[in-house]
Every structure is written in structure tokens, then in C-alpha cells.
S.K.: 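To start, I am sharing the structure in question, which I have written as C-alpha cells.
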Amino acid sequence: MVETADVTRRLSHSMAQGVLSFPLTSFREDGSLDLDAYRAYLALQLDAGPGAVFPACGTGEFTALDEDEYRQVVTAAVKVADGRVPVVAGIGYGWAQALRFARIAEESGADAALVLPHYLVRAPQDGLVEQLRRIADGTPLPLIAYQRDQVSFTADGVRRIAEIPTVIGLKDGHSDLDRLQRLTLAAPEGFLFFNGAATAEIQARAYAAVGVPAYSSAVHAFAPEIARAFFGAFQEDDTARMDELLRGFYIPLVELRDRVPGYAVSLVKAAARLRGLPVGPVRAPLMDPGPDDLAELTKLLDQGLGLVGAGR
């Protein structure tokens with residue numbers, strides 16, 4: 001049986017020790033799941049020292065996985081992590097389908113679940129709260145809500161979801177810091193908050209200023225050396241070093257990412273392949289970068305690795 005308080009304590013401790021890793025899912029050229037490659041890739045991710053690992057989430061192309069593939073991906077993550085860090089599996093769609101994935105995650109040994117934004121529709125606060133309540137009623141897994149796109153909680157909404165015994169935190173992808181400050185002040189002590197902005201390092205200092213220092217790092221998925229360097233500078237409040245990495249790598253990466261829909265995942269996977277990591281292509285509807293963008297990514301990756309004294 002999963003103990004919610006124990007998972008909360010582990011996550012609270014671990015997210016202060018390293019960035020949160022959202023690993024890619026490995027596919028073969030024909031689009032099939034490559035589980036051996038995924039295990040090898042996960043081992044490298046874990047060896048790089050993340051605070052926790054979040055398999056089958058947005059970066060891991062959750063929406064492209066069927067239930068059997070999802071089970072294999074989460075099971076592999078749990079086995080490779082082997083208790084070193086918490087494993088938080090993505091679940092999503094409507095509450096009924098999210099529960100199907102939650103039960104698979106529980107059976108696979110995950111420590112908790114990240115509730116990805118539901119499909120398509122916008123909903124009132126009562127509906128957002130009820131969605132989490134129904135998921136919580138159907139699984140003992142500790143749950144982290146993820147607000148972005150059509151999911152956005154008010155201060156009252158956060159107070160209400162925090163009353164659900166197994167809802168332990170909120171990952172924010174809106175980057176509305178005024179609103180986020182209100183949410184952190186409305187939440188009870190010990191409720192976890194995560195910076196889930198795209199390329200979160202860009203806004204890490206701003207999030208920390210409103211009490212949310214923990215963040216996920218897409219860069220960790222392909223260049224943990226760069227992610228660790230920034231995290232170390234962030235912990236030490238080394239402004240000059242953070243600015244150097246932001247100017248020389250992160251900001252140009254974001255500018256390239258913003259050119260094409262889906263590049264938040266496609267570029268990450270392309271960069272991983274440039275490093276020789278066994279991740280394969282993305283699945284449709286995502287598309288791999290074209291030659292010009294790939295050439296620019298190659299140059300940018302070399303530049304970023306050079307800033308931290310690493311090679312491709």
C-alpha cells in the first residue's frame with residue numbers, strides 16, 4: 001500500500017537535491033516501442049542524479065502510448081530507478097480513463113501519479129476539483145495535479161483539492177506568477193508545488209521568488225550536464241553563471257522551440273539522438289525537426305555543452 005505521507009516526504013526531500021527528470025520514450029524507426037533502448041536510456045538518466053523521474057508524461061509522449069505500452073514504460077522506470085528516487089507516472093484524459101492508467105501505474109510500482117490536463121474541454125472549478133476527487137476515490141496513489149492549457153485552479157480550488165487526502169501537490173505550467181503566489185499562500189503547509197514551465201530554467205528564479213524552487217527540466221532528457229550546471233548555479237544563487245547559461249544556451253533553445261508546434265518534445269528527442277542516446281523518433285502527430293532546424297540545434301547543443309566543459 002502506498003503511504004501518501006511517506007511519498008510526500010520523499011518528494012519534498014528529493015526535489016531539493018536535483019531537477020525533476022521527464023524521460024523520453026524510446027521508439028524504433030517503424031514507430032514500435034523499443035523497451036531495451038528505453039531501459040538503457042533510463043539508466044543514463046538515473047545515473048545523472050535527478051530528484052525524481054516522471055515516466056510517460058508529456059515529454060514521454062503519454063498520449064501516443066496504448067495501455068500495454070504504458071505498463072511496460074512505467075514498469076521499466078520503476079525497475080531501473082530501483083528505489084533511488086521517486087517514480088511519478090503520468091495519467092490523463094478524462095477521470096475514467098485516467099483511473100485506468102492510475103491502476104496500471106499502481107500495479108507497476110509507481111510511487112505517485114501526475115494528473116495531466118484532461119482532454120479538450122474547459123471546465124469550472126467545481127468540475128476540476130471533482131475530476132481529481134473521482135480519480136482519488138479510485139486509486140490509493142498520491143496525486144499531483146498539473147495545471148496548464150485549459151486547466152487553471154483558483155486559490156479556492158487549490159484549497160479544495162488540498163483537502164483531498166491523496167492530492168499532495170500542484171505542477172504549474174501557466175507561469176502567471178501573481179496567480180501562483182495566491183495559490184501557494186492558499187495551500188496548506190507541506191503541499192508541494194513544482195515549476196512546470198516549458199524550459200523551466202528560464203523562469204526558475206522568478207518561481208523561486210514566490211516560493212516554488214523545484215522545477216522539471218526538459219534539458220535533463222538530453223544534456224544532464226547542462227541541467228546539472230544550471231541547477232548547481234541556481235542552488236548557489238550564482239547569478240553570473242545562470243545568466244551565462246541562459247544567454248548562451250537556454251534562451252536560444254526556447255527561440256528555436258517556439259518556431260514549430262510540438263518542438264517542446266521533438267527538439268528534445270532530436271537533441272538526444274545527436275548525443276547518441278537510444279530514443280528514436282517521435283510518434284505522430286509530432287514531427288521530427290527538418291534539416292535546417294536540426295543544423296541549428298546541433299550548433300546550439302555544442303555551444304551549451306562547451307559552456308559546461310562537456311562534449312557531444
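When a residue number appears, it is its place in the shown sequence, counting from 1.
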S.K.: Side chains of Ser32 and Arg28: do they bring a donor and an acceptor to under 3.5 Å?
M.R.: yes

S.K.: List, by chain and then residue number, the residues other than Val265 in its hydrophobic cluster (Ile/Leu/Val/Met/Phe/Trp/Tyr, side-chain heavy atoms under 4.5 Å); write none if there are no others.
M.R.: Val282, Leu286

S.K.: Using the rule that Ile, Leu, Val, Met, Phe, Trp and Tyr join whenever any side-chain heavy atoms are under 4.5 Å apart, tell me whether Phe222 and Leu42 fall into a single cluster.
M.R.: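 Not linked; separate clusters.
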
S.K.: Hydrophobic clustering (ILVMFWY, side-chain heavy atoms < 4.5 Å, transitive) - are Leu114 and Val74 grouped together?
M.R.: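 Result: yes, single cluster for both.
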
S.K.: Quick check: does any side chain N or O of Ser217 sit under 3.5 Å from a backbone N or O of His220, one acting as donor and the other as acceptor?
M.R.: yes

S.K.: How far does CZ of Phe231 sit from CG of Leu20, to the nearest 0.5 angstrom?
M.R.: 8.5 Å

S.K.: Under a 4.0 Å N-O cut-off, is there an ion pair linking Asp137 with Arg133?
M.R.: no

S.K.: Answer yes when Asp237 and Arg205 have at least one side-chain N-carboxylate O distance shorter than 4.0 Å, and no when they do not.
M.R.: no

S.K.: Does any N or O in the side chain of Asp111 come within less than 3.5 Å of the main-chain N or O of Val88, such that one atom is a donor and the other an acceptor?
M.R.: no

S.K.: Show your reasoning for whether side chain to side chain donor-acceptor pair (under 3.5 Å) applies to Thr75 and Arg71.
M.R.: CA-CA 6 Å; Thr75 299; Arg71 183 185 299 275; over 6 Å; no

S.K.: Is a side-chain N or O of Asp178 found less than 3.5 angstrom from the main chain of Gln181, in a donor-acceptor match?
M.R.: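 The answer is no, because no donor-acceptor pair under 3.5 Å joins these two groups.
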
S.K.: Regarding Asp156 and Arg160, does a basic nitrogen lie under 4.0 Å from an acidic carboxylate oxygen?
M.R.: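 Looking at Asp156 and Arg160, the cut-off is met.
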
S.K.: Salt bridge check, Glu244 against Arg241: does any charged N sit closer than 4.0 Å to a carboxylate O?
M.R.: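 Counted as a salt bridge, because a side-chain N and a carboxylate O are separated by less than 4.0 Å.
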
S.K.: Does the distance from a Lys or Arg side-chain N to an Asp or Glu carboxylate O, for Asp302 and Lys299, drop under 4.0 Å?
M.R.: no

S.K.: Do Lys171's NZ or CZ and the ring of Phe194 fall within the cation-pi criteria of under 6.0 Å and 45°?
M.R.: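 No, Lys171 does not sit over the ring of Phe194.
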
S.K.: So, does Arg134 use its side chain to make a donor-acceptor pair with the main chain of Ala96 at under 3.5 Å?
M.R.: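 Answer holds: no.
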
S.K.: Does the side chain of Tyr41 pick up a donor-acceptor pair with the side chain of Thr25 at under 3.5 Å?
M.R.: no

S.K.: Can you check whether Tyr70 and Phe101 have ring centres sitting under 6.0 Å from each other?
M.R.: yes

S.K.: I need the Leu307 CG to Glu225 CD distance, nearest 0.5 Å.
M.R.: 12.5 Å

S.K.: Applying the 4.5 Å side-chain criterion to the ILVMFWY set and letting contacts propagate, would Leu24 and Val19 be lumped into a single cluster?
M.R.: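 Yes, it is one cluster - the side chains of Leu24 and Val19 are joined through contacts under 4.5 Å.
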
S.K.: Determine whether a donor-acceptor pair (N or O, by modelled atom type, separation under 3.5 Å) exists between the side chain of Gln235 and the backbone of Ala16.
M.R.: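 Side chain of Gln235 to backbone of Ala16, a donor-acceptor pair under 3.5 Å: yes, one is there.
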
S.K.: Side chain of Arg179, backbone of Phe153: donor and acceptor closer than 3.5 Å?
M.R.: yes

S.K.: Just by modelled atom types, is the Pro289 backbone N or O under 3.5 Å from a matching donor or acceptor in the Ser266 side chain?
M.R.: no

S.K.: Is Arg159 salt-bridged to Glu163, going by a charged N under 4.0 Å from an acidic O?
M.R.: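 Not counted as a salt bridge, because no side-chain N and carboxylate O are separated by less than 4.0 Å.
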
S.K.: Measure the CD-OG1 distance between Gln303 and Thr298 for me, rounded to the nearest 0.5 Å.
M.R.: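 Answer for the CD-OG1 pair, Gln303 versus Thr298, is 12.5 Å.
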
